[in-house]
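Every number for a ligand or one of its atoms is a count from 1 in the order of the listing. By convention here, the first residue in the shown sequence is residue 1.
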Amino acid sequence: MRVLTACVALMAVGCGTPKEEPPTFHADVRPLLDQHCVRCHQEDGLGVGDWTDDQIVDAFADLIADRVETGAMPPAVSEPECRDYVGSDVLYVPQESRDIVSQWIAAGRPMGDPADNPGVVVGDVDLVDPDVTLMMPVAYTPTFTDPENPGNEYRCFLADPGSEEIFVTGMDPVIGTDSLVHHVVLNTLDRSDISDEMLADDGWNCIDDMDGDNMLAGWAPGALPVEFPDDYTMTMGGSKVLIIQMHYFQANPEDSGKSDLSGYSFTTSETPGRPLYLVPLGDFSFNIPAGDASYTSGGRIRHSDLGVPVGLEIHSIFPHMHRLGTGYNVSIEHADGTETCLVNGRYDFDNQLTYQFADRPMFEDGDRVNFTCEWDNSADNENQVGEPKDTQYGERTDEEMCFFFTLVSPGAP
Ligand code: HEC
């Protein structure tokens with residue numbers, strides 16, 4: 001792309017040796033930032049600084065170069081060699097693009113002409129035109145007073161999609177106060193299981209027990225909206241209501257006393273499509289020894305364990321661990337011995353994505369899915385809070401998880 005734009009810029013004087021022209025900010029660097037960084041580095045984003053502002057980018061230039069050259073930014077994603085994901089071009093920065101940033105800094109950061117900006121079209125960070133939005137009943141101010149879970153609060157709220165079934169084609173959370181929210185999970189609950197406590201507008205404490213029978217969706221920092229392929233829908237409403245589970249986390253003292261009003265937005269269809277189900281694959285029985293810098297655990301599931309008579313088309317996987325997580329891998333081992341990689345990469349708590357498969361593999365009779373999680377429980381892990389201690393499965397931030405929320409639909413496409 002750089003060679004092309006440089007070539008266009010040189011047209012007037014003949015398209016000679018474009019590579020000798022150093023990259024400029026407007027022609028080469030701005031499009032890369034727009035494509036790979038701005039979704040987090042903007043006002044109210046997860047990252048630092050508003051990089052839609054050229055002067056702020058200039059002030060950050062040396063740090064940007066450093067993080068891009070070392071590969072520390074953007075946060076790690078599932079390896080593109082594993083498979084092709086929807087949005088791979090945004091999530092993953094190829095080496096050629098990293099080189100452009102280095103060359104620009106080395107050339108003294110020439111700004112160039114704003115007219116040379118090729119106008120990269122970046123994928124939407126929010127769901128376009130949602131037609132149903134379900135919010136918490138009222139804004140809630142986390143108290144962070146639970147002595148067992150300092151700085152953490154799980155609060156659940158009921159939301160009622162109505163007694164008619166709704167066929168969902170896409171979903172995206174509406175986050176009120178970004179700095180407080182560590183995750184949002186939507187669970188379904190049978191109307192007959194609603195207790196009095198659940199009817200309170202300001203919700204109930206749910207750190208020890210996530211009520212509900214099935215998970216419908218999950219969001220954690222960095223996640224992008226999920227849109228299902230044409231002709232597939234997920235059903236909500238009818239005999240079931242939703243529980244919105246908020247995980248609040250107090251990262252800095254200035255957040256104390258802030259309130260939050262979050263929820264979820266959906267695009268819908270008049271008619272049901274092929275049904276989608278979220279299957280949580282997980283390992284609950286690990287014990288990560290204190291001090292172990294690379295501990296791996298996981299599990300496997302055979303197709304025959306599921307008790308479904310047909311193959312399953314696999315749409316997406318959302319890997320989820322807590323702060324000690326460093327890596328994950330999920331693959332299908334087929335009956336004939338071949339293997340299909342589903343997700344494989346370095347884990348980053350600040351970039352928890354749902355990997356949607358561009359080309360959806362089947363999980364059939366005779367196959368099995370193998371999954372592993374890797375953690376760093378040494379004192380060197382900068383996410384370690386306090387002294388390393390033996391760590392098991394649990395909801396709290398100082399406990400760990402190894403989940404792969406997998407979206408499937410029964411039968412071949
Ligand atoms: C998924 C969100 C996300 C994306 C995408 C992202 N960043 Fe970041 N970035 C963060 C977060 C969170 C931090 C602060 C925590 C940290 O330093 O790890 C950060 C910190 C940084 C910092 C350090 C600022 C400082 O003062 O230390 C730089 C530089 C940076 N990012 C560069 C980039 C560049 C360049 C890109 C694109 C190529 C990018 N980031 C994409 C989330 C993101």
Checklist entry - Around atom 8 (Fe) of ligand 1, how many protein N/O/S atoms fall inside 2.8 Å? => result 2

Checklist entry - So do the side chains of M246 and D260 get within less than 4.5 Å of each other, counting heavy atoms only? => result yes

Item to check | For atom 32 (C) of ligand 1, closest protein heavy-atom neighbour | outcome: W51 CH2, 3.1 Å

Next on the checklist: Measuring only between side-chain heavy atoms, which start at C-beta, is F318 closer than 4.5 Å to Y355?
Outcome noted: no

Next on the checklist: Quick check: W204 with F157 (ring centres under 6.0 Å apart)?
Outcome noted: no

Checklist entry - What is the nearest protein non-hydrogen atom to atom 5 (C) of ligand 1, stated with its residue, atom name and distance? => result H36 O, 3.4 Å

Checklist entry - Are any of the side-chain heavy atoms of C373 and M401 separated by less than 4.5 Å? => result no

Next on the checklist: Measuring from atom NE2 of H303 to atom CD1 of I332, what distance do you get when rounded to the nearest 0.5 angstrom?
Outcome noted: 10.0 Å

Checklist entry - What residue and atom, counting heavy atoms only, is the protein's closest point to atom 15 (C) of ligand 1, and at what distance? => result D350 OD2, 4.6 Å

Item to check | Cation-aromatic face contact R323/F349, 6.0 Å, 45 degrees | outcome: yes

Checklist outcome for this item: Rounding to 0.5 Å, atoms OG1 (T188) and CE (M234) come to a distance of 9.0 Å

Checklist outcome for this item: Within 4.0 Å of some non-hydrogen atom of I64, the atoms of ligand 1 are 29 (C), 35 (C)

Checklist entry - Relative to the heavy atoms of N351, which atoms of ligand 1 are at a distance of less than 4.0 Å? => result 1 (C)

Next on the checklist: For a 4.5 angstrom cut-off between non-hydrogen side-chain atoms, does T233 reach F228?
Outcome noted: no

Item to check | Ligand-side contact atoms (ligand 1) for residue partner L63, heavy atom cut-off under 4.0 Å | outcome: 24 (C), 25 (C), 26 (O), 29 (C)

Next on the checklist: My question is simple, although I want it checked carefully: is atom 28 (C) of ligand 1 less than 4.0 angstrom from any protein heavy atom?
Outcome noted: yes

Checklist outcome for this item: side chain to side chain contact (heavy atoms under 4.5 Å, CB included) test vs S262 passes for just one of V181, T177, I244, V174, namely V181

Checklist entry - Does some side-chain heavy atom of I175 sit less than 4.5 Å from a side-chain heavy atom of W219? => result yes

Item to check | Atoms in ligand 1 flagged as close to V68, the criterion being non-hydrogen separation under 4.0 Å | outcome: 35 (C)

